[in-house]
Q: 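Here's a structure for you.
First listed ligand is number 1; within each ligand, the first listed atom is number 1.
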Amino acid sequence: MKRIAILNGPNLDRLGKREPEIYGHTTLADLEKKLRAAFKGDAELLFFQSNHEGKLIDKISELSDAKCDGLVINGGAFTHTSVALRDALLGAHLPTVEVHISNIYKREAFRHTSLTAPACVAVIAGLGLEGYFAAVRFLLKS
Ligand code: CA2
């Protein structure tokens, strides 16, 4: 069974608790439950969220060493700022799909640049939480 890790960056622990007009009402714990149910028997899912850049980087290295089969990452605001996160993804050599709940291209100009996207095989933005499901499905097929 493929092992897929789902990484969420800063403030995504607040999902469902703030700004529901942008991010919806589902919490990160609800999302985890739904993903586990959807892929039961098809994938081993590992979830990790941190508000700290270095902790996300350490996790990516750990997953790379453990030869996990794929990565889904919503780097939150670090997407737009972090060369370190990009370097970690490039160095990990793991098939990675970047997910954004919102359509970052419809939002402020500073969200239009992703420093991490070039280290990923695909980017999904604006599908809401469905983006996470699509990303796992894609990684399972590839
Ligand atoms: O659309 C996305 O998924 C984002 O990665 C979310 C980030 C934002 O900085 C990116 O530009 C786009 C923000 C995460 C903040 O998440 C919250 C969730 C619920 C309530 C408040 C913040």
Q: Indicate yes or no for a side-chain donor-acceptor contact from S64 to the backbone of A92 under 3.5 Å, with no hydrogens or angles considered.
A: yes
Q: Donor-acceptor pair, distance only, cut-off 3.5 Å: does the side chain of T79 make one with the backbone of A77?
A: no
Q: Cut-off 3.5 Å, side chains only: do N11 and Y23 have a donor facing an acceptor?
A: no
Q: Under 3.5 Å, is there a donor on one side chain and an acceptor on the other for N51 and E53?
A: no
Q: Any luck finding a side-chain donor-acceptor pair between S61 and D58 under 3.5 Å?
A: no
Q: Starting at CD1 of I101, measure out to CG of N8 and round the result to the nearest 0.5 Å.
A: 7.0 Å
Q: Between the protein and ligand 1, which nitrogen or oxygen pairs come in under 3.5 Å, and how far apart is each?
A:
unit_1, atom_1, unit_2, atom_2, d
ligand 1, 1 (O), I101, N, 3.2
ligand 1, 1 (O), S102, N, 2.9
ligand 1, 1 (O), S102, OG, 2.5
ligand 1, 3 (O), N74, ND2, 2.8
ligand 1, 3 (O), I101, N, 2.7
ligand 1, 5 (O), N74, OD1, 2.8
ligand 1, 5 (O), H100, ND1, 2.9
ligand 1, 9 (O), A77, N, 3.4
ligand 1, 9 (O), R111, NH1, 2.9
ligand 1, 11 (O), H80, NE2, 2.7
ligand 1, 11 (O), R111, NH1, 2.9

